[in-house]
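FYI, side chains are in, hydrogens and waters are out, and symmetry mates aren't considered; it's all heavy atoms of this structure. Start at 1 and go down the list; that is how both ligands and their atoms are numbered.
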Amino acid sequence: MPRSPVGREIDRVDGRLKVTGAAEYSGDYRAPERAADLAHAHLVTSTIARGTITRIDTAAALASPGVLRVYAAPEPIERLALYGVTGQAAGFTEPYIPLQTAAVHFYGQAIAMVVAETPEQARDAAALVTATYAAEPPRTSIADEPHVPAGPTISGSPSSLNILAPGVESIDAALAASDVVVEAEFHQNVQHHVGMEPHAVLAVWEEPDRVTIYAGAQIPAAYALGMAQRLGLLPQNVRLITKYVGGGFGARVVLWSDTPLAAAAARELGRPVRLVLTREQMFTLTGHRSHLTQTVRLGASRRGVLNAVSHRSLAERPSTMSFTMTPAHSTSDALYSTPNLHVDAQLAVLDIPGSRAMRGPNEAPGSFALETAMDELAIATGVDPVALRLRNYATTSPSSGLPWSSKHLDECYRVGAERFGWSTRSATPRARVDGQWLYGTGMATAIYPAARRTGFAARVQLRNDDTAVVSTATSDLGTGATTMVAISGADALGIPLARVTPEIGDTYLPPGAPAVGSSGTHATVPLVVDAARNVIAELKRLAVTRDGSPWQGAAAEDLRYERGILHGGGRSMTFGRLLTAIGSRGVDMESSPGGDPIPGVIHHSFGAHFCEVRVNRFTGETRVTRFTTVADVGRVINAKAARSQLVGGVIFGIGHALLEENHLELRTGRLANSTLADYLVPVNADVPDIDVVMLDRPDPRLTGPLGDGSEDVGTGSLGARGLGEIGTVASAAAIGNAVYNATGIRVRDVPITPDKLIEHL
Ligand code: MOS
C-alpha cells in the first residue's frame with residue numbers, strides 16, 4: 001500500500017536533471033532542427049532618463065563581423081511589427097512598445113538591438129552603437145514630485161482606508177486621545193529581484209503567423225496572450241515553453257521588452273533568435289521594487305492595547321507603468337485589532353525603470369514599518385513584544401470585519417518563543433556583550449494573503465501501464481511546483497509518486513495557475529484533485545460500457561476505486577490492466593470549472609519570526625546568528641520544498657535588512673549600483689542555520705471544488721495555503737528589532753549598514 005507523499009520530505013522529481021545540467025532553461029534551448037540557423041541578439045540601452053533620441057549611429061555596428069541586422073529606435077513599425085496590448089494581458093505587459101518611438105522614459109531603456117551570427121559578435125557590435133539625445137531633467141525624487149493617490153490595489157480594493165470608532169472624528173483625534181503614541185518614518189531604496197537565471201528568450205517561428213517562445217514566465221497564459229497581441233497574432237498561435245525558471249521573485253510577472261524584440265527580429269530575419277540580457281541590463285529592463293517612504297503612527301493604552309493605527313506610504317510610479325504599490329494596505333489593514341484604522345498609499349510619477357512586484361511586494365516593506373513600530377510600542381509601554389502582539393490579536397479582519405478561514409498565529413508565537421528561548425531575553429539594550437560583539441534579539445509577525453484563485457485547470461491522464469500524467473500550464477520558478485503537481489496527483493490517485501509524471505510550463509497544456517503571490521500550490525492542488533475525481537468517474541464509465549471489461553453492463557455506482565485499483569462484484573483490476581483490457585492506451589479528464597471564493601471568510605497565511613544578531617562594537621557590522629520562523633500555512637504538501645521556501649524567504653529578509661539597495665542618482669536617473677558586485681545579496685556566509693517549523697494545520701475551508709464527494713479520491717493534499725512569501729514578510733523587521741536590542745540604536749532606513757550604526761556605538 002503506498003503511503004501518500006503529502007507532507008513528507010520529498011526530493012525534487014526534477015532534481016537530478018537540474019544538478020546534472022540536463023534541465024533546459026530558456027537560454028539553453030537551441031531548436032535542434034534549426035540550430036544552424038540560430039541568430040543572437042544583444043540590446044543597446046539608453047544613457048539618459050528622459051528625453052528624445054535625436055540620432056542613433058549604427059554604421060560601425062553594421063560593418064562589424066557577423067552582424068545581420070541593427071534595429072534602432074524609432075524603428076519603422078513595418079520592420080518589427082509590434083503592437084499595443086489591451087484588455088486582460090495589458091496588466092501584465094510593459095505599456096510602451098520597444099524601439100517604436102524616439103522617446104526615452106528611463107535610464108537603461110532598450111534603444112537598439114543588434115542581431116549577429118554569434119552572441120559575441122552581437123555584443124561587440126552593440127558596443128559600437130552610439131546615440132545622441134535631446135535630454136530633459138528627469139523626475140527622480142518621490143519627495144519632491146507631486147503625490148497622487150495610488151488607486152485600487154491588485155485585488156481591486158481601495159488602497160486608502162479610514163475606519164473610525166463611533167464618535168471618533170479622525171485618526172488624528174484617535175491618536176491624540178491615546179495614552180501612548182509612537183510615530184516613526186521609514187525609508188528604503190530600490191531593491192531588485194536578481195534571480196540566478198538571466199532573462200533569456202528563444203523565438204522560433206514555425207509558420208509566418210505561428211511562433212514558439214522559450215522564456216521564463218510566472219504567468220504563462222498572460223505572457224503568451226501579451227505576446228500574441230504584441231506580435232499581431234491569434235492567441236492560439238503563440239506557444240510559450242517555460243519549463244525551468246531560475247527564479248521569479250516578481251521579475252517574470254511582466255512581459256518586458258526583451259521577448260517581443262527577440263520574436264520580432266526572428267520573424268523579420270526568418271531565423272530563430274536568442275536574446276540573453278546581461279546582468280546589468282536586468283537591473284533596468286526587468287523591474288525592481290520601488291523605493292519607499294512610510295510613516296506609521298500607533299496609539300495605545302498604557303498596557304499596549306491599540307486604539308489607533310495609521311500607516312501611510314509613498315512610492316514611485318514609473319512614467320511607463322501603472323503599478324500600484326500599497327505596503328500599508330496589505331499589512332496594517334489586516335494584522336492587529338484596532339478600533340481606528342487609517343491606511344493611505346500615495347505615488348509620485350518618476351522617470352525610472354519599470355517597478356513591479358518583488359518578493360512579498362507590499363507586505364515585505366509594509367511589515368518592516370509596522371513591525372518595527374510595534375517594537376517601539378513594546379518599548380514605550382514596557383510590554384514584552386510577544387505579549388504585545390497577543391494583546392492586540394485580531395480574530396476578525398480589522399478592515400473587513402470578516403473572520404479568517406483558519407488562523408493559528410497565536411500558536412506560531414508560542415511555539416517560536418519556546419524554541420528560540422525568548423523568555424531568557426533582556427528587554428534592555430546592550431544587556432549582552434561578548435568581547436567586541438553586542439548580542440540582541442527581536443521578533444516580528446508575518447502575514448500574507450492566501451485567497452483562492454480561480455479560472456484555471458489541470459488534466460489527469462491514466463495510462464494503460466498504470467502510470468498517470470498530470471498536466472497544467474503553471475511554471476516552476478525553482479520553488480518545486482513540478483514536484484507539488486506530482487505529489488498531489490499521487491495523493492489524489494493513491495498511487496506511488498514514481499508512477500506520476502508531472503507536465504507543466506507549456507501554454508498548450510490546460511491553463512495553469514500563475515506562479516505569483518504565493519498561490520501556485522493552493523490554486524493547483526484542488527484542480528489536480530478534481531481532475532483525478534473526474535478521470536476516475538470516467539474510468540468507471542468505461543469499465544461498465546466497454547467491450548473487454550469484466551464489468552461491462554454493471555452499474556458504475558457498484559464500482560469502487562482505491563489506490564489505483566478498481567473493485568466491484570468480487571473482482572479487482574488496476575486501471576492499467578482495465579485500460580489494456582478495453583484496448584485503450586489512456587483516459588484523461590480535466591478539472592471542472594469552479595472553486596469560487598468562499599463567502600464570509602478571508603484567507604491569510606501567518607508566521608512569527610525570532611532573530612538573534614550580534615553587532616560589532618567597533619565596526620558596526622551586523623551578523624545574524626540565530627533565526628527561528630514558525631509558519632501557519634495550512635496543509636504542507638512537500639515538507640522539504642516548503643522548508644526551503646521559508647528559509648529562502650528569511651534570507652531575502654537578511655538582504656532587505658542588511659544588504660540590498662540600489663541608489664538612484666537624482667541628477668541622471670541612473671540606478672547607480674546595477675551590478676552584482678555593487679548590489680549586495682546575502683551569501684552563505686551571511687546566513688546562519690535557519691530553524692523553520694510549519695504548524696501543518698490544514699485549512700478546513702480550502703477544500704477545493706467538491707466534485708461528487710466520492711470517498712475514492714485522496715484528499716490529503718487539500719487545505720494548503722500559500723507559503724512562498726511568508727518567510728520574507730517581516731523577517732527584516734525581526735532583524736532590525738534585534739539590532740535595536742543589541743545596540744539601543746533604531747535604524748528606520750534599511751539596509752542597516754555599518755555606517756548607520758557606527759557613529760552611535
Ligand atoms: Mo510575486 S513578487 O507575487 O511574483
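Close contacts of ligand 1 with Met358, meaning ligand atoms under 4.0 Å from a residue heavy atom, involve 2 (S). Which parts of ligand 1 touch Val253 is read off a 4.0 Å heavy-atom cut-off, strictly below it: atoms 4 (O). Near Phe249, with a cut-off below 4.0 Å to any heavy atom, the atoms of ligand 1 are 2 (S).
In terms of protein heavy-atom proximity, atom 1 (Mo) of ligand 1 is closest to Glu725 OE2, 3.5 Å. In terms of protein heavy atoms, atom 4 (O) of ligand 1 is closest to Gln218 NE2, 2.8 Å. The shortest contact between atom 2 (S) of ligand 1 and any protein heavy atom is with Arg359 N, 3.1 Å.
Electrostatic pairing of Asp14 and Lys243 does not count as a salt bridge here, judged by no charged N lying under 4.0 Å from a carboxylate O. Salt bridge annotation for Glu660-Arg289: absent, with no cationic side-chain nitrogen under 4.0 angstrom from a carboxylate oxygen. Contact check on Arg635 versus Asp699 returns no salt bridge, with no Lys/Arg side-chain nitrogen under 4.0 Å from an Asp/Glu carboxylate oxygen. Ion pair Glu94/Arg230 not flagged as a salt bridge, since none of the NZ, NE, NH1 or NH2 atoms sits closer than 4.0 Å to an Asp/Glu carboxylate oxygen.
When all heavy atoms of Thr242 and Gly216 are compared, the pair lying nearest together is OG1-CA, 3.4 Å.
Distances between N or O atoms of Gly250 and those of ligand 1 include at least one value under 3.5 Å. At least one N or O atom of Gly517 sits closer than 3.5 Å to an N or O atom of ligand 1.
Within the 6.0 Å centre-distance limit, the rings of Phe627 and His609 are counted as a close aromatic pair.
At least one heavy atom of Pro361 sits under 4.0 Å from some atom of ligand 1.
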